[in-house]
Participant: 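I have a structure I would like to understand better, so I am pasting it below and will then ask my questions one at a time.
Per chain, numbering begins at 1; letters A, B, ... match sequence-line order.
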Amino acid sequence: MIRPPTPAAPEGWSREEMARLVALDIEDGACVNLGIGIPELVARFVPPGRELLFHTENGLLGVGPPPDPAHEDPELINAGKKPVTAIPGAAYFHHADSFAMIRGGHIDVCVLGAMQVAPGGDLANWSTGDDDAIPAVGGAMDLVAGVKRVLVMTEHVTKTGQPKLVNRCTYPLTGLGVVSRVYSNLAVVDITPQGFAARRIAPGLTFDHVRERTGAPILDWSDHGV
Amino acid sequence: MIRPPTPAAPEGWSREEMARLVALDIEDGACVNLGIGIPELVARFVPPGRELLFHTENGLLGVGPPPDPAHEDPELINAGKKPVTAIPGAAYFHHADSFAMIRGGHIDVCVLGAMQVAPGGDLANWSTGDDDAIPAVGGAMDLVAGVKRVLVMTEHVTKTGQPKLVNRCTYPLTGLGVVSRVYSNLAVVDITPQGFAARRIAPGLTFDHVRERTGAPILDWSDHGV
Amino acid sequence: MIDKRITSVEEAVRDVRDGASVMIGGFGEAGSPIELIHALIDQGARGLTVISNNTGSGRVGLAALIAAGRAAKVVCSYPRSANSTVFPELYRAGRIDLELVPQGTLAERIRAGGAGIPAFYTPAAAGTRLAQGKESRRFGEREYLLELALTADVALVRAERADRYGNLTFSKTARNFGPLMCMAARCAIVQVRHIVDAGAIDPEAVVTPGLFVSRVVHVPAPAHESRLVREGAAYP
Amino acid sequence: MIDKRITSVEEAVRDVRDGASVMIGGFGEAGSPIELIHALIDQGARGLTVISNNTGSGRVGLAALIAAGRAAKVVCSYPRSANSTVFPELYRAGRIDLELVPQGTLAERIRAGGAGIPAFYTPAAAGTRLAQGKESRRFGEREYLLELALTADVALVRAERADRYGNLTFSKTARNFGPLMCMAARCAIVQVRHIVDAGAIDPEAVVTPGLFVSRVVHVPAPAHESRLVREGAAYP
């Protein structure tokens with residue numbers, strides 16, 4: 001019996017493991033904005049002894065964990081429009097104040113998804129550029145322009161196996177030279193003056209394995225590359 | 001015995017009478033900013049049946065009457081730094097919000113003093129322009145640029161008898177073409193496309209008396225001039 | 001006596017004209033003034049320019065207004081929704097215009113409109129496709145775009161409490177664009193859960209001072225948009 | 001644990017450097033952080049650029065800082081006072097620079113600095129002497145001036161309540177420039193009458209969210225500036 005080709009099994013780190021790596025890299029006391037989707041996982045992995053303050057651009061600093069379903073409030077949501085809670089010490093504010101925080105450099109870290117990242121830190125994460133697609137940008141361009149450190153969490157390649165770390169973004173840009181570091185399922189990759197540099201490789205994988213799945217030159221600055 | 005010359009006795013309306021005229025001209029429900037000094041008197045003469053909402057640019061909408069001395073609070077003051085009260089229904093806000101109200105056209109009327117007013121509505125009220133004077137502008141330029149209707153309360157002439165309604169302001173301008181109407185001790189004078197026009201003359205005075213003390217052409221649009 | 005209370009949502013939106021620009025508060029359903037929007041649908045004004053962060057869910061509220069063909073254009077940061085095809089279908093059919101604006105730029109343009117600032121510079125979208133047709137300028141090391149203020153004829157906003165002066169407080173993240181739209185609209189119409197006596201709102205905690213508000217309508221139990229969407233409701 | 005509380009005003013201003021730009025809150029005495037200013041005098045930093053609405057009263061607080069010769073320049077809307085000759089004398093002697101800014105423009109420039117807006121247009125001062133040297137531009141029928149954002153190394157601010165996160169509320173008209181200066185300074189230092197537990201400030205009523213604040217100092221009974229001035233006090 002002939003079986004249809006199946007997508008490759010996920011390899012490298014799981015999403016939870018990626019989120020844990022991101023959380024470990026965020027300094028104690030930081031104000032953090034988590035993008036919609038996978039980045040939301042980061043809040044679960046704040047290391048003991050550290051306190052992060054989570055910001056959501058729809059007007060809350062001090063986002064707490066999701067409520068149990070009985071306590072969901074349609075007026076207390078995050079940017080992904082999911083119910084959240086507010087910690088003691090939280091503050092609500094309007095959208096102009098919220099984006100003043102973002103644009104004014106008062107948010108230390110944001111964690112976003114990506115469609116493509118280029119070696120200079122260019123990010124494309126809002127549109128495929130298809131004529132038929134409904135363009136929708138949300139707050140992504142404001143976040144990458146204003147937040148001090150922009151981290152990206154993403155699968156290393158697309159569902160069809162295309163690299164997301166590329167020489168040049170072919171999708172419409174979200175921002176130019178904005179990304180600091182990429183956390184993929186295969187590697188932690190820094191944006192450096194020399195371009196992409198792998199800082200850490202997922203267990204069981206080789207640097208060559210990562211390089212073959214990266215659409216641009218990449219340096220091996222990982223421990224096992226030293 | 002020879003006596004030194006004394007200044008002319010005040011003529012025409014008293015300051016309180018001027019304030020009453022101003023108050024009568026402000027529509028029910030208006031938001032009003034009263035300048036420092038004589039304009040503050042206007043609040044005492046709001047006609048029965050009307051409610052005005054007083055704004056002070058240092059962050060309060062809903063200014064109430066002055067407190068009795070035992071209840072003065074150094075943190076509840078007006079733009080002239082005098083103690084005030086807040087009415088039930090008042091709101092406090094910061095300076096950027098306060099001037100958003102002003103600049104954004106949300107204040108209906110402001111009442112200001114003047115050094116000079118020109119026929120096109122130009123106002124000079126912040127500096128004599130003397131080299132030795134310490135320049136200090138406060139919120140006057142923002143007020144005249146943003147408030148919908150700028151009323152001026154002033155003596156018709158200076159202490160030395162010089163007209164304050166002039167062909168051209170010789171003192172540094174506060175704003176160009178901003179004044180709607182002037183309430184002096186001698187007359188109520190509109191700024192019109194034809195220049196100054198006296199709408200009302202103080203009792204016992206003639207239009208000629210006013211004209212002689214005005215440093216620019218002035219029309220007689222008063223009742224007794226019709 | 002200053003009293004901005006209006007007896008009904010119908011009365012509150014009665015004079016919205018064809019071709020009006022209408023700011024509509026809310027981020028998703030949080031803060032969306034669903035009863036005012038439904039009243040506007042009933043009222044019938046057409047050719048509207050709608051300024052709102054989203055384009056609505058299901059076939060109620062903002063999505064219903066758009067589905068009814070009343071909006072000629074939307075100015076918006078995120079016109080996609082997991083549970084609504086109303087806007088995409090009209091947009092693909094060329095029957096509605098879209099001005100796509102980054103969310104922070106949208107918020108700041110509305111605030112600028114309310115604050116008498118005709119234009120400002122922002123780094124957001126510099127160097128991207130959304131910079132096309134915009135002036136750019138360097139200040140220091142960076143490139144910024146010139147963005148123009150947004151004002152509107154009318155704002156429809158949902159708040160939590162109001163007094164007769166129109167002083168407002170909001171509820172949690174339902175605040176979002178409401179205070180800004182009240183500033184930027186010539187006529188800000190606000191539906192509130194509670195109307196309280198003057199003085200009942202702590203003057204230190206007023207979010208929107210009354211001078212930004214024209215009309216207040218009491219809607220004590222507003223519909224839950226997400227519940228209506230789950231139930232498959234359509235308006236009217 | 002995030003905790004912005006500092007044990008003393010001396011400790012709070014210890015690292016202010018010569019030549020620093022320092023925003024100082026207050027409108028007259030309301031909101032003036034007098035204990036922080038006195039600590040800054042004791043600390044000794046010189047050549048400061050002071051950004052403040054006024055230049056102080058008598059010979060205490062801000063006036064004392066200026067009298068001590070610590071300010072090389074002030075950026076200010078109203079540097080005159082009925083009861084202080086400190087600034088006028090230094091200014092006439094050419095020993096201090098002044099950048100005179102209309103009050104609303106000053107507030108908006110500080111907000112812009114905090115909000116990442118490098119520049120904006122305002123109608124205030126267009127066509128006046130204060131427009132000299134500034135770009136002007138028409139939008140619609142009117143002329144506007146381009147105004148640049150203001151930021152600072154340090155802000156000294158007085159507030160009413162703070163929690164460990166630095167969330168703030170203010171007291172009445174002592175709010176004035178405080179929230180804006182907290183936004184615009186790289187290090188915002190705030191003296192407060194009351195320090196409260198996290199959660200004790202209603203999250204709907206927080207005026208300055210904690211991320212704008214670097215340090216909080218408890219000054220339970222701040223001096224009344226006007227009383228000191230009446231008594232003829234001088235600092236130090």
Participant: Quick check on C/R70: does its CZ atom have over 12 non-hydrogen neighbours (other residues, nucleotides or ligands) under 6.0 Å away?
Facilitator: yes
Participant: Can you name the nearest heavy-atom pair linking C/I2 to B/G29, along with the distance?
Facilitator: CG1-CA, 3.6 Å
Participant: Does CZ in B/R168 sit with more than 12 non-hydrogen atoms of other residues, nucleotides or ligands closer than 6.0 Å?
Facilitator: no
Participant: If you count heavy-atom pairs under 4.5 Å between each of B/D28, B/L53, B/I102 and chain C, which one has the most?
Facilitator: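 The candidate making the most pairs under 4.5 Å is B/L53.
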Participant: So, for B/P88 and C/Y165, which heavy atoms are closest and what is the spacing to 0.1 Å?
Facilitator: O-CE1, 3.6 Å
Participant: Supply the atom-to-atom distance C/L211 CG to B/H55 NE2, rounded to the nearest 0.5 angstrom.
Facilitator: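 Here the interatomic distance stands at 7.0 Å.
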Participant: Checking heavy atoms, do the side chain of B/A96, its backbone, both or neither come under 4.5 Å from chain C?
Facilitator: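 Answer is both: backbone and side chain atoms of B/A96 are under 4.5 Å from chain C.
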Participant: Would you check if the side chain of B/H106 reaches a backbone N or O of C/G114 as a donor-acceptor pair within less than 3.5 Å?
Facilitator: yes
Participant: Heavy atoms only: give me the nearest B/E51-C/R164 pair and the separation to one decimal.
Facilitator: OE1-NH1, 2.9 Å
Participant: In Å and rounded to the nearest 0.5 Å, what is the OH to CG distance from B/Y92 to C/D202?
Facilitator: 9.0 Å
Participant: Are more than 12 heavy atoms, taken from residues, nucleotides or ligands other than C/R186, located less than 6.0 Å from that residue's CZ atom?
Facilitator: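 Above 12, so yes.
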Participant: Please name the pair of heavy atoms, one in C/P203 and one in B/A90, separated by the smallest distance, quoted to 0.1 Å.
Facilitator: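 Here C/P203 and B/A90 meet closest at CB-O, 3.2 Å.
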Participant: Does C/R137 have more than 12 heavy atoms from other residues, nucleotides or ligands lying within 6.0 Å of its CZ?
Facilitator: yes
Participant: Can you tell which of C/G210, C/G113, C/G199 has the highest number of heavy-atom pairs within less than 4.5 Å of chain B?
Facilitator: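 That would be C/G199.
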Participant: What's the shortest heavy-atom distance between C/N167 and B/G89, and which atoms?
Facilitator: ND2-O, 2.7 Å
